[in-house]
> 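Dumping the structure here so I can ask a few things about it.
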Amino acid sequence: QVQLVESGGGLVQPGGSLRLSCAASGGTFSTYIMGWHRQAPGKEREFVAAIGGLSSITYYADSVKGRFTISRDNAKKTVYLQMNSLKPEDTSVYYCAAKSFGGGVINRLNYNYWGQGTQVTVSS
C-alpha cells in the first residue's frame, strides 16, 4: 500500500511559478511510475505529466509541455512538479498518482494510488 501526500499548491498570478511536491510512504517508491493529473471544476481529471522509476523517461501533456517539469528524488520518496509561466487555465486541483508497470501513463484508470490533491489557482 502506498500513501501519497501533495503540498505546494496556492494562489499565484498569471506568469508566476509554483512547485508541487508529493511525498510517498509505503511500497518501493522507485518501482512506481509517478504521475500528476489535474481536475478543474466541472471537468474530467486530465493527465499532466509522468516520470519513470529511474527518472530517465518523462511524459507531458501538450498543454504544459515547455512550461512544467516533473522530477523525482527516490531517496526522499518524493516527486515534484515545477510549474512556470502559469496561466488561468492551469487552475485545478492537482493530484499525484502512482502506477505499477502495465498500461499507459495518460489513462488515470491505470494508476493504483492517489493523493488527496492540492489546489492551484492562477488569478490576478
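Numbers here simply count residues along the sequence, with the first being 1. Note that this is a predicted model, so its numbers are computed, not measured.
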> Between R38 and F47, is NZ or CZ placed under 6.0 angstrom from the six-membered ring centre and within 45° of the ring axis?
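No, a cation-pi geometry is absent between R38 and F47.
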> Measure the shortest side-chain to side-chain distance between Y94 and S92 over non-hydrogen atoms and say whether it is less than 4.5 angstrom.
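Yes - at least one pair of side-chain heavy atoms lies under 4.5 Å apart.
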> Can you tell me if R72 uses its side chain to pair, donor with acceptor, with the backbone of F29 under 3.5 Å?
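Yes, because the side chain of R72 sits within donor-acceptor range (under 3.5 Å) of the backbone of F29.
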> Given Y80, which partner from the list S21, C22, C96 fulfils the side-chain contact (heavy atoms from CB on, under 4.5 Å) test?
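Passing option: S21.
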> Quick one: pull up CG in N110 and NZ in K99 and give me the separation to the nearest 0.5 Å.
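Interatomic distance, N110 CG to K99 NZ, rounded to 0.5 Å: 5.5 Å.
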> Could you give the distance from CG (N107) to NE2 (H37), rounded to the nearest 0.5 Å?
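So the gap between those two atoms works out to 8.5 Å.
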> Any side-chain heavy atom of L20 within less than 4.5 Å of one from V120?
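Result yes, sub-4.5 Å side-chain heavy-atom pair found.
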> Any chance the side chains of S17 and N84 put a donor and an acceptor closer than 3.5 Å?
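There is such a pair between these side chains.
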> Whether R108 engages the ring of W114 as a cation-pi pair (distance to the six-membered ring centre under 6.0 angstrom, angle to the ring normal within 45°) should be assessed.
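No, R108 and W114 do not form such a contact.
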> Tracing side-chain links under 4.5 Å among I, L, V, M, F, W and Y, which residues wind up in one group with L109?
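Besides L109, the hydrophobic cluster comprises nothing; the residue is isolated.
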> For V122 and E89, run side chain to side chain contact (heavy atoms under 4.5 Å, CB included): C-alpha distance rounded to whole Å, both residues' side-chain angles, the deciding distance at 0.1 Å, then the answer.
CA-CA 8 Å; V122 185; E89 51 263 45; over 6 Å; no
> Are V48 and L86 connected in a single hydrophobic cluster, I mean Ile/Leu/Val/Met/Phe/Trp/Tyr linked by side-chain heavy atoms less than 4.5 Å apart?
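Yes; V48 is reachable from L86 via cluster members.
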> Nearest heavy-atom pair of A50 and V105: which atoms, and what distance?
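Looking at all heavy atoms of both residues, the shortest contact is CB-CB, 3.9 Å.
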> First locate atom OH of Y59, then atom CD1 of I70, and finally report the distance between them rounded to the nearest 0.5 Å.
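One finds 10.5 Å between OH of Y59 and CD1 of I70.
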> In the structure I gave you, are the side-chain heavy atoms of P88 and P14 within less than 4.5 Å of one another anywhere?
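Yes, side chains in contact.
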> So does G53 get a backbone contact from the side chain of N74, meaning a donor-acceptor N/O pair under 3.5 Å?
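It does hold such a pair.
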> Nearest 0.5 angstrom please: R67 CZ to Y60 OH, how far?
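Between atom CZ of R67 and atom OH of Y60 there are 12.0 Å.
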> Would you call K65 and D62 a salt bridge, taking side-chain N to carboxylate O under 4.0 Å as the test?
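Salt bridge: yes.
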> Is there side-chain contact between Y113 and Q3, with at least one heavy-atom pair below 4.5 Å?
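Of all side-chain heavy-atom pairs linking Q3 with Y113, none is under 4.5 Å.
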> If we only count heavy atoms from C-beta on, is the L18 to Q82 side-chain gap below 4.5 Å?
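Side chain of L18 against side chain of Q82, heavy atoms only: no contact under 4.5 Å found.
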> Do E6 and Y95 make a side-chain contact, defined as non-hydrogen atoms from C-beta onward lying under 4.5 Å apart?
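Yes, their side chains come closer than 4.5 Å.
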> Going by heavy atoms in the side chains, are L81 and T69 under 4.5 Å from each other?
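In short, these two side chains do not touch, never coming nearer than 4.5 Å.
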> List the steps and the verdict of side chain to side chain contact (heavy atoms under 4.5 Å, CB included) for S123 and L11.
CA-CA 7 Å; S123 175; L11 173 64; 4.2 Å; yes
> Do the side chains of W36 and V64 get nearer than 4.5 Å, heavy atoms only?
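A side-chain contact under 4.5 Å is absent here.
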